[in-house]
Amino acid sequence: RYMSSEEILCVTPSLEVGSVEVSVSNNGIDFSPSSLTYEGEADVTISEIWPTRSSTAGGFSVTVRGSGFANSSLLECQFGGVPASETTFLSGNVVRCVAPVHAEDTVNVEVSNNGVDFSKSGMQFRYMPRPVVASISPSAGVVNGGTVVTIEGEHFVAYSDLLCQFGNAPPRRAQYV
């Protein structure tokens, strides 16, 4: 597509993985000498994300597993079209994405090696309000543990990884009532 005498837009055809030269013709016959290359890359695919949900506050690391990830400065994760706060290449099969702030919603997580062509995995990530703790009963118990306490508040969810943590002790599974 012609934009100006100094700029055109071209859509790439299907290519093999690897470098190809790029040239332009004004008449369909005579092509410019090529000094530009374009790198055909394997499609990025996503097979798994973990965790699959987090707080609307963002800032949490999400591990994305798949294939075709490139160690590129243009590597980018998006959460519902919003760029991740940070994207870190770990291997051709794993990247770490820091979830951005987002409203409560379920969104797709996608990855691109060039900031333009994103995967189309449809892997879903759920943004939820952070739990709010309002009261605990009883508020004291024996130091050797075992006291069953009731915690009331808001935004608790009935998932297998619903946890309670008391100080620096390892988190314990909670029961959703």
Side-chain angles (χ1 to χ4, degrees), residues 1 3 7-24 34 36-133 153-165 168 170-176:
R1 177 173 159 204
M3 303 298 286
E7 183 177 41
I8 60 172
L9 299 179
C10 296
V11 177
T12 60
S14 180
L15 299 168
E16 297 291 323
V17 173
S19 295
V20 295
E21 292 184 351
V22 178
S23 55
V24 175
S34 183
L36 300 176
T37 58
Y38 180 83
E39 188 73 27
E41 298 177 336
D43 289 340
V44 172
T45 61
I46 298 175
S47 57
E48 176 186 12
I49 62 171
W50 190 87
T52 57
R53 58 192 175 277
S54 189
S55 161
T56 56
F60 297 90
S61 288
V62 177
T63 300
V64 178
R65 296 187 185 282
S67 63
F69 304 137
N71 191 4
S72 161
S73 63
L74 299 175
L75 181 66
E76 180 180 314
C77 297
Q78 286 189 349
F79 290 73
V82 178
S85 305
E86 181 181 326
T87 302
T88 305
F89 175 86
L90 299 177
S91 75
N93 298 317
V94 182
V95 295
R96 184 175 38 241
C97 310
V98 177
V101 173
H102 199 287
E104 183 175 358
D105 199 0
T106 299
V107 301
N108 288 341
V109 175
E110 305 298 348
V111 176
S112 171
N113 286 328
N114 65 6
V116 176
D117 300 311
F118 283 85
S119 58
K120 295 170 179 55
S121 72
M123 287 287 171
Q124 295 193 321
F125 183 84
R126 181 174 174 199
Y127 279 97
M128 305 176 296
R130 187 171 275 179
V132 175
V133 176
E154 298 177 330
H155 309 300
F156 303 145
V157 292
Y159 286 119
S160 61
D161 52 1
L162 179 62
L163 304 173
C164 294
Q165 186 169 21
N168 292 325
R172 308 215 39 178
R173 295 227 182 274
Q175 293 179 343
Y176 186 84

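Below, all heavy atoms of this structure are taken into account, side chains as well, without hydrogens, waters or symmetry copies.
- No donor-acceptor contact under 3.5 angstrom links the side chains of S19 and T37, judged on distance only.
- When all heavy atoms of F125 and S54 are compared, the closest pair comes out as CZ-CB, 3.4 Å.
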For side chain to side chain contact (heavy atoms under 4.5 Å, CB included), just list the numbers for I49 and T63, CA-CA rounded to whole Å, side-chain angles, deciding distance to a tenth of an Å, and then say yes or no.
-> CA-CA 6 Å; I49 62 171; T63 300; over 6 Å; no

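- Atoms OG and OH, on S55 and Y127 in that order, are 9.5 Å from each other to the nearest 0.5 Å.
- A heavy-atom distance below 4.5 Å is not found between the side chains of S72 and F89.
- To the nearest 0.5 Å, atoms OG (S119) and CG (N108) are separated by 9.0 Å.
- In this structure, the side chain to side chain donor-acceptor pair (under 3.5 Å) partners of S121, at least two apart in sequence or on a different chain, are E110.
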Full working for side chain to side chain contact (heavy atoms under 4.5 Å, CB included) between E76 and V111 | CA-CA 6 Å; E76 180 180 314; V111 176; over 6 Å; no

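- Side-chain contact between F69 and V44 is present, with heavy atoms from C-beta onward closer than 4.5 Å.
- The shortest distance between side-chain heavy atoms of R96 and V62 does not fall below 4.5 Å.
- Contact annotation: the side chain of Y38 approaches that of L15 to within less than 4.5 Å [non-hydrogen atoms, C-beta and beyond].
- Side chains of V95 and L90 form no contact here, defined as non-hydrogen atoms less than 4.5 Å apart.
- Looking only at side-chain heavy atoms (C-beta outward), T106 and R126 come within less than 4.5 Å of each other.
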Check against side chain to side chain donor-acceptor pair (under 3.5 Å), S23 and E21 | CA-CA 7 Å; S23 55; E21 292 184 351; over 6 Å; no

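- The side-chain heavy atoms of Q124 and T52, taken from C-beta on, include no pair separated by under 4.5 Å.
- Side-chain atoms of I46 and R65, non-hydrogen and from C-beta on, never get closer than 4.5 Å to each other.
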